[in-house]
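As structure tokens, the structure follows; a few thoughts come after it.
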Amino acid sequence: MKSLVEVVVSNNSYNTDRLFTYEVGDDQKESIRLGQRVLVPFGRGNKPVQAYVFKILGQKDTDFKVKKIIEIADYDPILTKKQLDMVEWMRENYICTYMDCINAICPKGIGLENYKVAVLKNTPKDPLSEKEEIIVGEIQKSGSASIEKLTGKFGSAKKIISALEKKDVIEIVWEYKKLENKKYVETVRLCIDYEDIDINIERLKKQRAHKQAEAVEFLRYNDECIKSDLKQITGASQATIKSLLQKGIVEIQKEEYYREPDQQDIEESDIALNDEQKAAVRHIGKGFSEGFSKPIVLHGVTGSGKTQVYIEAIEKAVSLGKECIMLVPEIALTPQTVSRFKARFGEGIAVIHSGLSAGEKYDQWRKMKKGHANVCIGARSAIFSPFENIGIIIIDEFHESSYKSEMSPKYDTIELSKIMCNMHGAGLVLGSATPSVKEYYMCKTGEYDIIRLEKRANNKLPPKIELIDMKREIDSGNRGIFSRRFLKLLGDALERKEQAMIFLNRRGYSNFVYCAECGFVLKCKRCDISMTYHKDIGGVKCHYCGHKEKMPQACPECGENALETGGMGTQRVVDEIKNMYPQSHILRMDRDTTSRKGAHSHIIQKFRRKEADILIGTQMISKGHDFPDVTFVGVVSADATLNYPDYKSSEKTFQLITQVSGRAGRASLPGVVALQAHDTTHYSIQHAKDYDYEGFYDKEIRLRKTFGYEPFGNILSIVVSGRNKSSVMNNIYKIHEGMTYVLAKKGFEDFSFIMGPSECPMAFINMKHRWQMVIRDSGIDIEFLKKIVRFVCITKRSKIIDEDVNVSIDINPSSIM
DNA sequence: AGCACGCCGACT
DNA sequence: GTCGGCGTGCTC
């Protein structure tokens, strides 16, 4: 009988994606716990690897040999018990490995470095060669030497080392080093009595230790000074402080320090709630006393003050001693929300988003883990906050596609939130002005609760939306980007010294470059995508792989000097507006102008301070920002996103128009929206124009039902990608074959629910060919389907699929391009 | 993944 | 006869 545990071993191999049994040593029995990180010998070479304790089996016997845990890596479990359950669930449902899930949940920066070292074993029986002597000497110097260093130092070390090993002179063993990315702040303080300070200073001066005397002088009035500050202010060096330390004059204290990512200006804004908001807070609050039975959708028009409702609900949870998670689409985009939360909850806030470095993320994680933060605000990965007792999870703008992960595991944050809430007995609030059709359907069927906020918080009417038919504009001779009405409304706003926003969901200057002579279109060398012209850099860029090139002088195909640009992007809009309104100050916000850290909030701040009249941008300008002086919003091409071969494109268009329109007239001034479109008859544009969510929903849900899309059915996509096209094709067919083989064995004859294999609509991206299979769950149980996909693509992966391709599995993908 | 084992060709 | 090339398969 041995004391046994089951662990998940940390390596990214599909072949080791299962639980392994290890023995717990007698000295470890006391401290072993679920979710802990341990170090285990693994494989034939007994290489030490990290592992995570998933099950504690207790006293058991096994019919196979077990190894012993080397050590417990950290006393406090990295994963909570609930997170372990979450890992199991994700692995099962998103068809991925244990480690895919653990990597998504755990912060980076707690790692392990492995290396082989040579140590001396026996004194040699026979005399050694000259080279062997050198190596042995090197090992002797410090008792052990890493193989890597030895081979780096001496070219032929590898051969000699193995010869020495064979002679039993040395032994190769594994060593490891724990990598910890903690930041400490060191504070210096005097540890002599106040009365003795002068005596000490005198003594130091006599010793001609002026720098030290100066430092002591400074500390007399500034006790507990941060070491780096002390150095900077008094000019003291490391040596100065060290000798003071040795003389026993000062002491240094190490404290854990949490890097605080962005020190935003914190603005206090305590707004009194209106009746609707109060009712919403009451409704949510009821859950804390009566229990939360179902998710709550908070459907509030833009500007209805949803954030204030969130704050009140979180306040309530905090006062009950519970923890809260507040999810936002992309935190870098909503600094205002963060600062409002910071104003209300102060130090107890942890902030997680993609702009943070690994170290900063780790710090925020520890802050929560240690209970120094009880509210986490962040992008989708904040759902993995290591809280033990969650009271409420809020997802703001929950319809946003950024809540679906792009990387394996391709999780759906809303789905995970539901599971988390069930485990913690917490409430789930989904807020949006434009709920996704799927979730709204759940409200209709009664699976979700719904609260409506129909009034804008300031009681203002929403801005009037004017729909402008660009076809008619062309017919009447205007071939420009902007209609006359658009320019009139923009000009009016500028004349009144108010601000304007212009939205176009495409960056760059123009989205394709073509030859007027032969019709050739410039495409990316790495992708099968047309290049976008960027006037500011005088070159073309590929928006899929980031590849940049100079703009060619002549057509690469026919050699004629006839290259022209077509289509438009934000840069061209800026150019044209600048031409028409030379006096106006224009800011552009898109991925090109915000790539630098902090550039995003810089632009926002500038526009808020009214240092510019017009803000031109993409998606980024559409959400969350509150600019009180914006009275005009222009949408250059409302139907641009409508023609994608994607079943969600209508929904996305409706949402985008509604969100953008909501930017106008948020304060006392009335707003107006100019909506330009070539196809003005489309239902998503028509309903968006009238703020008619219900009308849009009715139409959309009928279409979804007809075609069996969400929420009436599920889609599972398998994409194989790789550099070698024939290998990609070969492998997707092997997966297809593997699946149909298993299905046939289970009695299936009709495989019409599997579409493809076929080339992806975007068939070549970043030097990789892409082929896909799209599977619908009509006539087959989705859980059964997942099991088969797992068997073929994960369990039997190395038997079926070649090494040179990547397989990506996505359940209900947000797009099948 | 990463390592050991093992089977084969090129060399002392 | 032996060294080391990489193909194969296993990891508690």
Side-chain angles (χ1 to χ4, degrees), chain A residues 1-26 28-29 32 34 36-73 84 87-88 91 96-104 106 108 111-118 129 131-132 146-148 151 155-168 171-177 179 407-409 722 727 793-807:
Chain A
M1 295 272 273
K2 288 167 183 165
S3 179
L4 301 176
V5 292
E6 285 188 322
V7 303
V8 168
V9 171
S10 170
N11 62 6
N12 36 341
S13 162
Y14 293 94
N15 303 319
T16 54
D17 180 50
R18 56 201 150 99
L19 297 171
F20 288 90
T21 312
Y22 278 87
E23 187 186 346
V24 185
D26 287 333
Q28 297 160 342
K29 273 182 195 159
I32 196 88
L34 282 177
Q36 258 172 346
R37 213 161 46 114
V38 294
L39 217 60
V40 296
F42 193 68
R44 276 188 247 238
N46 283 329
K47 180 183 175 175
V49 292
Q50 280 186 77
Y52 299 84
V53 179
F54 265 62
K55 280 189 187 128
I56 295 179
L57 301 178
Q59 299 290 320
K60 282 266 168 65
D61 277 321
T62 55
D63 43 12
F64 48 84
K65 64 176 177 23
V66 289
K67 295 177 186 174
K68 272 189 179 170
I69 290 172
I70 300 169
E71 71 164 353
I72 294 170
L84 291 181
V87 167
E88 297 274 10
R91 174 173 174 269
C96 60
T97 64
Y98 278 114
M99 282 315 296
D100 283 335
C101 305
I102 292 171
N103 287 333
C106 290
K108 308 275 171 291
L112 188 73
E113 198 183 11
N114 278 315
Y115 47 93
K116 276 182 169 175
V117 295
S129 74
K131 282 182 177 172
E132 285 173 338
S146 89
I147 304 293
E148 207 179 324
T151 47
S156 53
K158 244 184 190 162
K159 274 186 187 169
I160 304 161
I161 290 166
S162 59
L164 284 168
E165 199 188 0
K166 213 160 258 178
K167 287 186 195 169
D168 238 15
E171 193 181 6
I172 311 288
V173 292
W174 279 100
E175 244 175 48
Y176 56 90
K177 196 163 61 186
L179 299 175
M407 282 198 303
S408 189
S727 178
C793 298
I794 306 244
T795 316
K796 293 281 170 204
R797 185 187 171 113
S798 55
K799 291 249 185 325
I800 297 172
I801 301 162
D802 294 324
E803 289 285 311
D804 64 337
V805 295
N806 184 279
V807 180

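Each chain gets a letter, A, B and so on, in the order the sequences are listed, and its residues count up from 1.
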Could you list the residues that satisfy salt bridge (Lys or Arg N to Asp or Glu O under 4.0 Å) with [X], not counting sequence neighbours?
X: A/Lys29; answer: A/Asp26
X: A/Asp61; answer: none
X: A/Asp804; answer: none

TODO: Quick one: list whatever passes side chain to side chain contact (heavy atoms under 4.5 Å, CB included) with A/Lys68, sequence neighbours left out.
DONE: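 For A/Lys68, the residues satisfying side chain to side chain contact (heavy atoms under 4.5 Å, CB included) (neighbours in sequence not counted) are A/Glu23.
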Task: Which residues share a side chain to side chain donor-acceptor pair (under 3.5 Å) with A/Lys67, sequence neighbours left out - done: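 Testing A/Lys67 for side chain to side chain donor-acceptor pair (under 3.5 Å), a comparison that skips the adjacent residues, returns A/Asn46.
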Contacts under 3.5 Å, N or O only, protein and nucleotides 7-11 of chain C:
{"unit_1": "C/dG9", "atom_1": "N2", "unit_2": "A/Arg44", "atom_2": "NH2", "d": "3.2"}
{"unit_1": "C/dT11", "atom_1": "O3'", "unit_2": "A/Gly43", "atom_2": "N", "d": "3.4"}

Open item on the list: Applying ring-ring contact (aromatic ring centres under 6.0 Å, His included), can you list everything that pairs with A/Tyr14, at least two apart in sequence or on another chain?
Closed with: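 With neighbours one apart ignored, the set is empty.
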- [ ] Heavy atoms of chain A, cut-off under 4.0 Å: which first and last nucleotide of DNA chain B, 5' to 3', fall inside that, if you could look?
- [x]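 First and last nucleotides in contact are B/dA1 to B/dA4.
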Task: Any pair counted as salt bridge (Lys or Arg N to Asp or Glu O under 4.0 Å), so long as it reaches residues 9-21 of chain A, sequence neighbours left out - done: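 Only A/Asp17-A/Arg91, A/Asp17-A/Arg790 qualify under salt bridge (Lys or Arg N to Asp or Glu O under 4.0 Å).
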